[in-house]
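Take a look at the structure set out below.
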Amino acid sequence: MISVDEAQARIGSDVATMRIVMRPLAQLREDVLAEDIVAREDIPLFDATAMDGYAIRSADVRQADAQHPVRLRVVGEIQPGVAPGRALRSGCAMRIFTGAVVPPSADAVIMQEHVQREADMITITGPVSPGMHIRRRGEEFRAGAPVLARGSVVTPAVSGLLATLGYARVRVYERPSVTLLVTGNELRAPSESLGPGQIRDANSFALRA
């Protein structure tokens, strides 16, 4: 009898390196990457809000508290996928929705649940930290940064990450062909009747699954 390590070495010496193929992202199912994946651009590509709320300048509400609330005028609205048309002036706020671009000069987003709004005015009763609820450009990945190493398995989560990074096609190893040979005089198919000393083959079905 030989050791497991020797058996694996013998098998490895007789197995050819798997061919590399280019496969569309939509066709990947637990494939193995044959290339390193790097970020092609900053992710996110712009300063974006992580919450529905109001883009503000934190300096405007630095002294705000319950006894000294600060009122800001709402001067616009920013939907996802639309660039702000102008910078935010002091004393003003812009309604903003999750994923939208934070306007220039705004440095914080206050959640809509934390303000009181009447007509075009909002009231804030506490200070807001600079950067609050903002996902900064490149916060997740900088352009050129390594993200996935060759040999990584393309799980559903990895497929989503590849799409985020802008990869429509990737190089993967061709899937191997596997044949199962199950032997034993005592084995019978699940549909067959059993005779003395016989059992139904279960291993081949478990291994295929």
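Below, each value reflects all heavy atoms present in this structure, side chains not excepted, and no hydrogens, waters or symmetry copies.
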Inter-residue atom distance [X].[atom1] - [Y].[atom2], 0.5 Å rounding:
{"X": "D52", "Y": "Q112", "atom1": "CG", "atom2": "CD", "answer": "5.0 Å"}
{"X": "C92", "Y": "I122", "atom1": "SG", "atom2": "CD1", "answer": "10.0 Å"}
{"X": "R40", "Y": "Y167", "atom1": "CZ", "atom2": "OH", "answer": "4.5 Å"}
{"X": "L162", "Y": "L148", "atom1": "CG", "atom2": "CG", "answer": "6.0 Å"}
{"X": "F46", "Y": "R136", "atom1": "CZ", "atom2": "CZ", "answer": "13.0 Å"}
{"X": "E41", "Y": "F141", "atom1": "CD", "atom2": "CZ", "answer": "12.0 Å"}

Salt bridge (Lys or Arg N to Asp or Glu O under 4.0 Å) against [X], all qualifying residues, sequence neighbours excluded:
{"X": "R117", "answer": "none"}
{"X": "R95", "answer": "none"}
{"X": "R71", "answer": "none"}

Would you say the side chain of [Y] lies within less than 4.5 Å of the side chain of [X], judging by non-hydrogen atoms?
{"X": "I43", "Y": "V147", "result": "no"}
{"X": "V172", "Y": "V32", "result": "no"}
{"X": "L194", "Y": "R188", "result": "yes"}
{"X": "I96", "Y": "Y54", "result": "no"}
{"X": "V109", "Y": "M132", "result": "no"}
{"X": "V182", "Y": "L187", "result": "yes"}
{"X": "I110", "Y": "I124", "result": "yes"}

Which heavy atom of [X] sits nearest to which heavy atom of [Y], and what is that distance?
{"X": "S159", "Y": "V154", "value": "OG-CG1, 3.4 Å"}
{"X": "V70", "Y": "A64", "value": "CG2-CB, 3.6 Å"}
{"X": "Y173", "Y": "L33", "value": "CE1-O, 3.4 Å"}
{"X": "P80", "Y": "T98", "value": "CG-O, 3.4 Å"}
{"X": "R62", "Y": "P127", "value": "O-CB, 3.8 Å"}
{"X": "I56", "Y": "A93", "value": "CG2-CB, 3.9 Å"}

### Message
Listing request: all salt bridge (Lys or Arg N to Asp or Glu O under 4.0 Å) pairs with a residue in residues 167-180, at least two apart in sequence or in separate chains.
### Response
R19-E174, D31-R175

### Contact list for residues 196-209, test salt bridge (Lys or Arg N to Asp or Glu O under 4.0 Å), sequence neighbours left out
none

Show me the donor-acceptor pairs within less than 3.5 Å that the side chains of residues 82-91 make with the rest of the protein, sequence neighbours left out.
residue: R86; atom: NH2; partner: V75; partner atom: O; Å: 2.3
residue: S90; atom: OG; partner: D60; partner atom: OD1; Å: 2.9

With a 6.0 Å cut-off (strictly less than), is the heavy-atom count around [atom1] of [X], excluding the residue itself, greater than 12?
{"X": "E30", "atom1": "CD", "result": "yes"}
{"X": "Q116", "atom1": "CD", "result": "no"}
{"X": "R23", "atom1": "CZ", "result": "yes"}
{"X": "E113", "atom1": "CD", "result": "yes"}

Following the transitive rule for hydrophobic clusters with a side-chain heavy-atom cut-off under 4.5 Å over Ile, Leu, Val, Met, Phe, Trp and Tyr, establish whether [X] and [Y] coincide in one cluster.
{"X": "V61", "Y": "V74", "result": "yes"}
{"X": "I37", "Y": "V153", "result": "no"}
{"X": "L25", "Y": "V21", "result": "yes"}

### Query
When you look at R73 and D120, which way does the salt bridge (charged side-chain N to carboxylate O under 4.0 Å, His left out) test go after all the steps?
CA-CA 6 Å; R73 184 175 300 280; D120 64 347; 2.7 Å; yes

Please confirm whether the backbone N or O of [Y] pairs with a side-chain atom of [X], one donor and one acceptor, at under 3.5 Å?
{"X": "D42", "Y": "L45", "answer": "no"}
{"X": "D107", "Y": "G131", "answer": "no"}
{"X": "R142", "Y": "E139", "answer": "no"}
{"X": "T164", "Y": "G160", "answer": "yes"}

### Task
Would you please say whether a donor-acceptor pair under 3.5 Å links the side chains of E6 and Q8?
no

### Task
Applying side-chain contact (heavy atoms from CB on, under 4.5 Å), run through M111 and H133 and close with a yes or a no.
CA-CA 8 Å; M111 294 172 60; H133 302 315; 3.6 Å; yes

### Task
Take V170 and L28 through the test side-chain contact (heavy atoms from CB on, under 4.5 Å) and record every step on the way to the result.
CA-CA 9 Å; V170 293; L28 299 180; 3.6 Å; yes

